[in-house]
Colleague: 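Encoded as structure tokens, here's the structure I'll be asking about.
Here the structure is a predicted model, which means the values were calculated and not measured. Atoms considered below: every heavy atom in the structure, side chains included; atoms not considered: hydrogens, waters and symmetry mates. Proteins come first, then strands; the chains are lettered A, B, ... in the order of their sequence lines, and each starts at number 1.
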Amino acid sequence: MIKVAVVGNPNVGKTALINYLTNSSLKIGNWPGVTVEKKEAYLNYKGENIYFIDLPGIYNFTPYSLEEKITRDYLLKENVDIILNVLDSKNIKKGLLLTSQILEFEIPTLVVFNMWDEVPPNFDINLKNFETLLNVKAVKASAKKGFGKEEILNLILKLKRENYLKPKFIIFRKEIENILKTLPFKRFINVKLLEGDKDILKEYGPRLKEKDLEKLNSQRKLLEKKYKKEISDIIFTERYKWVNTIVFQSTKGNLDNISDLTDKIDDIILNPKLSPFFLIGFIYLFFKVIFLVTDPFIEYIGHIQDLFSSLLSNINFGKFEILKSFIENVFIQGIGILFSFVPLIFVIYLLFGILEDSGIMARIALLSDRFMHKIGLHGNAIIPIVLGYGCNVPAVLSTRVMSTFKEKLILALSLPFTLCTARLPIIAFFGTTFFEKYKSLLTAFIYILSLFLTLFSLFFLKKIFKVESSQEVLIELPSYRFPKISYVFKYALDKVLDYLKGVTSIIFISLLVLYFILNFPPHADVENSLGAYISKLLLPLFSILDINSWQVILSLFPGFIAKESVVASLKEILSLSQTSLNQILSKKGALAFVIFSSFYVSCVATLSAIKKELGYKYAIFSVIFSISLAFLTAFIFSNVIFQVLSCLNMF
Amino acid sequence: MKIKYLSQIPSGKEVIIKDVLGCQGFKHRLYGLGIFPGEKVLVFKNDRGPIILKVGNTKLALGRGQAQKILVEEL
Ligand SMILES: Nc1nc2c(ncn2[C@@H]2O[C@H](COP(=O)(O)OP(=O)(O)O)[C@@H](O)[C@H]2O)c(=O)[nH]1
């Protein structure tokens, strides 16, 4: 098998190229332990198996980002046969800066000038010159228009056959080369050791003799003193010089500032007077589309679940009647929950794919940055937060747009405080029962409280997890393009499968636990169930909130499966124990209950999404954190409001 | 020619990068994105909020604070 690592700047068409080369057999997963996407594909070409791995897009090998580290480690450690270095032909200089570093891995390299379809006719590259200067192979291609495939694949086979094609890396100034000469590793490692790269020093430093290492350090200091610059700066200068020489010697015509449609659109969209309208418009449209498309499906899945339940009720279990409710409450319910999110997740990833592929996402992030920055977050956090007010599950899954794990962490743990639509029935029910006149006021209040809690949680977790304040934006805005629909579809489908794989176990475990809480011991009535027992144990705690009935507390358990079921189960419990809500709950207690039940925990599905994105540890943390914060909030606000309102004689 | 901060350059002007100040990490990121002493860039938008540059043929958005660490010369 030939192992081909595809390397290049972000947005140069690496993914599109692999798709084109392998007839769209790209598989999407994640790198172990991190959230960066891992894309790979296999192809059998002329009897040879070729494996393509799409390494994360980078600009440098410094490495300051996770992406840089993944790419570097892969190239150093995974026995790559060939590097396929993809460049955007309209941005050759920036691409070549990375190429200059890629050559130092001393792996046979094939340079692909992609997006050749967009290059103006007066520009050209002399591939022969280029190949000789770098001792690599080079091709012009377009993944979009579809040319260059045969040539690339044949060159891969050829490079493999003639394994001796070692790239010509940059020869730096004499003083630097004299030092590099004394180091025993691959060129890339030697250069990084000289630059004083911490990671590389740590790993390869100990393999040098102590006195050689000391010598290296003193030589570095000497040079830096002489030039009054860090060595890495001197090396960068030489790289830029090299890039300019290569461009001069192998291209003709110029690529300066090709003004295109993108510029014209950006001129309007990024105009500060108009941009708020565009932003609001985008976001509105985004949600409109999501719920318009998914609502009918969700209903449909509900019907299917009902169908299964009724099929089940027709089966005679005889002695094992008890099994029936078990199957219904754990398996059918679980499958129902699992699949009810599938349409939503599919559509959201579809839209994500379209927004990202078309270049719109980068603009949304940029436009939101202005005000998101004020609350200490990057602009791209806007999408998960707004999504959360529809449904927490996709909101949590979409935190992958955050660039660092910690930012993702605090965001995902704060999202359960965004008020998803499933919680509205609780507010409505209690509003009608207790605060008839002030029902809408109550709803508005809970919404404001939700926003407040979300921001508070972000702020608080930022302190706890010591997240640095978000730095200013530094993002590239890719050209607008028509997204490739077939690819986006496949992407969304992969993501749905990924979701199902990631959440199934925890959903069933949670349902199992809850089933036992609510239905154990068998044949007992509600009053004597394990759930009632636990609820009664919790009474002293809840009496702090002026909630003095175990029935109300018990209804919180099913709310964990889905918030919608709090009301239904409360009604059921009340009718079984033959009381009414007004008899067992004070107004103050009711207010506290509405607040607590709105925020105490999102639902099984959200929790499983948190587990999928962050792991079990943080899922458990999330439960404890939301319950504590919800309890505290319910306590403070019910007391304050009750005091104020009773002074005003409104209760 | 007068040296200015990038943040002071109005929309539509072309400039040559003279120097990038700040820590190594910041400098290297900008270098990788094509902002290097001697390179020519176009200030595409500079009104409120982040500044948008055109470097080669890609647009780059960067915050004001960062733009104050980039020294340029107007063309
Ligand atoms: N015009 C043109 N567009 C391309 C070409 N290759 C990729 N694209 C588009 O460029 C964008 C970025 O491509 P992608 O494969 O996601 O880049 P990656 O980040 O390097 O993997 C997508 O919208 C592609 O459809 C090409 O050869 N010509």
Colleague: Could you state the interatomic distance from CG (B:L53) to CD (A:E476), rounded to the nearest 0.5 Å?
Modeller: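 CD of A:E476 is found 11.0 Å from CG of B:L53.
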Colleague: State whether A:D263 and B:K59 are salt-bridged, where the test is any N-O pair (Lys NZ or Arg NE/NH1/NH2 against Asp/Glu carboxylate O) under 4.0 Å.
Modeller: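 Salt bridge: yes.
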Colleague: Which distance, rounded to the nearest 0.5 Å, do you find between the NZ of A:K94 and the CZ of B:F36?
Modeller: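 Atom-to-atom, A:K94:NZ and B:F36:CZ are 15.5 Å apart.
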Colleague: What part of A:L474 gets within 4.5 angstrom of chain B, counting heavy atoms only: side chain, backbone, both, or neither?
Modeller: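 Answer is both: backbone and side chain atoms of A:L474 are under 4.5 Å from chain B.
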Colleague: Is there side-chain contact between B:Q24 and A:T62, with heavy atoms separated by less than 4.5 Å?
Modeller: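 Not in contact.
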Colleague: Chain B heavy atoms under 4.5 Å from A:N11: which part of the residue, side chain, backbone, both or neither?
Modeller: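 For A:N11, there is no contact with chain B at all, as no heavy atom is under 4.5 Å.
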Colleague: Mind ranking A:R239, A:Q101, A:E68, A:K90 by heavy-atom pairs under 4.5 Å with chain B and telling me who comes out on top?
Modeller: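 Option with the greatest count: A:K90.
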Colleague: Taking everything shown except A:Y227 itself, do over 12 heavy atoms lie less than 6.0 Å from its OH?
Modeller: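 Yes, OH of A:Y227 has more than 12 neighbouring heavy atoms, counting only those of other groups under 6.0 Å.
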Colleague: For the OH atom of A:Y59 and the CZ atom of B:R29, what is their distance to the nearest 0.5 Å?
Modeller: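 A:Y59 OH to B:R29 CZ: 9.0 Å, rounded to 0.5 Å.
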Colleague: Which value, rounded to the nearest 0.5 Å, describes the distance between A:L477 atom CG and B:L60 atom CG?
Modeller: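 Here the interatomic distance stands at 7.5 Å.
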Colleague: Under a 4.5 Å cut-off applied to non-hydrogen side-chain atoms, are A:S232 and B:H28 in contact?
Modeller: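 A side-chain contact under 4.5 Å exists here.
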Colleague: Return the CD1 to CG distance between A:I475 and B:L62, rounded to the nearest 0.5 Å.
Modeller: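 Rounded to the nearest 0.5 Å, the CD1-CG separation comes out at 10.5 Å.
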Colleague: Please classify the contact of B:I51 with chain A as side chain, backbone, both or neither, using a heavy-atom distance under 4.5 Å.
Modeller: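 No part of it gets close to chain A.
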Colleague: Can you say whether A:D267 sits under 4.5 Å from chain B via the side chain, the backbone, both, or neither, judging by heavy atoms?
Modeller: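 For A:D267, the contact with chain B is made by backbone and side chain together.
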Colleague: Can any side-chain N or O of B:D47 pair as donor or acceptor with the backbone N or O of A:P272 at less than 3.5 Å?
Modeller: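 No, the answer is negative, given that no donor and acceptor are paired below the 3.5 Å cut-off.
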Colleague: Need one label for B:I52: side chain, backbone, both or neither, based on atoms under 4.5 Å from any heavy atom in chain A.
Modeller: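 The side chain, not the backbone.
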Colleague: Determine the minimum heavy-atom distance between B:V55 and A:N91, stating which atoms define it.
Modeller: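 Reported closest heavy-atom pair: O-OD1, 3.8 Å.
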Colleague: Tell me if the NZ atom of B:K40 is crowded by more than 12 foreign heavy atoms within 6.0 Å.
Modeller: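 Not more than 12 within 6.0 Å, no.
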Colleague: Please look at A:K93 and chain B and tell me whether the side chain, the backbone, both or neither of the residue comes under 4.5 angstrom of a heavy atom of that chain.
Modeller: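 For A:K93, the contact with chain B is made by the side chain alone.
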Colleague: Count the heavy atoms of every other residue, nucleotide or ligand shown that sit under 6.0 Å from CZ of A:F277, and state whether that count exceeds 12.
Modeller: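 No.
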Colleague: For B:E39, is it the side chain, the backbone, both or neither that has a heavy atom under 4.5 Å from a heavy atom of chain A?
Modeller: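 When you check distances to chain A, only side chain atoms of B:E39 fall under 4.5 Å.
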Colleague: For B:K27 and A:D233, which heavy atoms make the closest approach, and how far apart are they?
Modeller: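 Scanning both residues, the minimum pair turns out to be NZ-OD2, 3.2 Å.
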Colleague: Can you tell me which portion of B:L42 sits under 4.5 Å from chain A's heavy atoms? Options are side chain, backbone, both or neither.
Modeller: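 The answer is the side chain of B:L42.
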Colleague: For A:S275, which atoms come within 4.5 Å of any heavy atom of chain B: side chain, backbone, both, or neither?
Modeller: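 It is neither, since no heavy atom gets under 4.5 Å.
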Colleague: With a 4.5 Å heavy-atom cut-off, do A:L366 and B:P50 have their side chains touching?
Modeller: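 Yes; the side chains approach each other to less than 4.5 Å.
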Colleague: Below 4.5 Å from any heavy atom of chain B, which atoms of A:T237 appear? Answer side chain, backbone, both or neither.
Modeller: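 The answer is both parts of A:T237.
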Colleague: Please identify, among B:A61, B:G56, B:G34, the residue contributing the most non-hydrogen atom pairs under 4.5 Å to chain A.
Modeller: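 Among B:A61, B:G56, B:G34, the one with the most close pairs to chain A is B:A61.
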Colleague: Given a strict heavy-atom distance threshold of 4.5 Å, which part of A:Y240 is in contact with chain B: side chain, backbone, both, or neither?
Modeller: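 The answer is the side chain of A:Y240.
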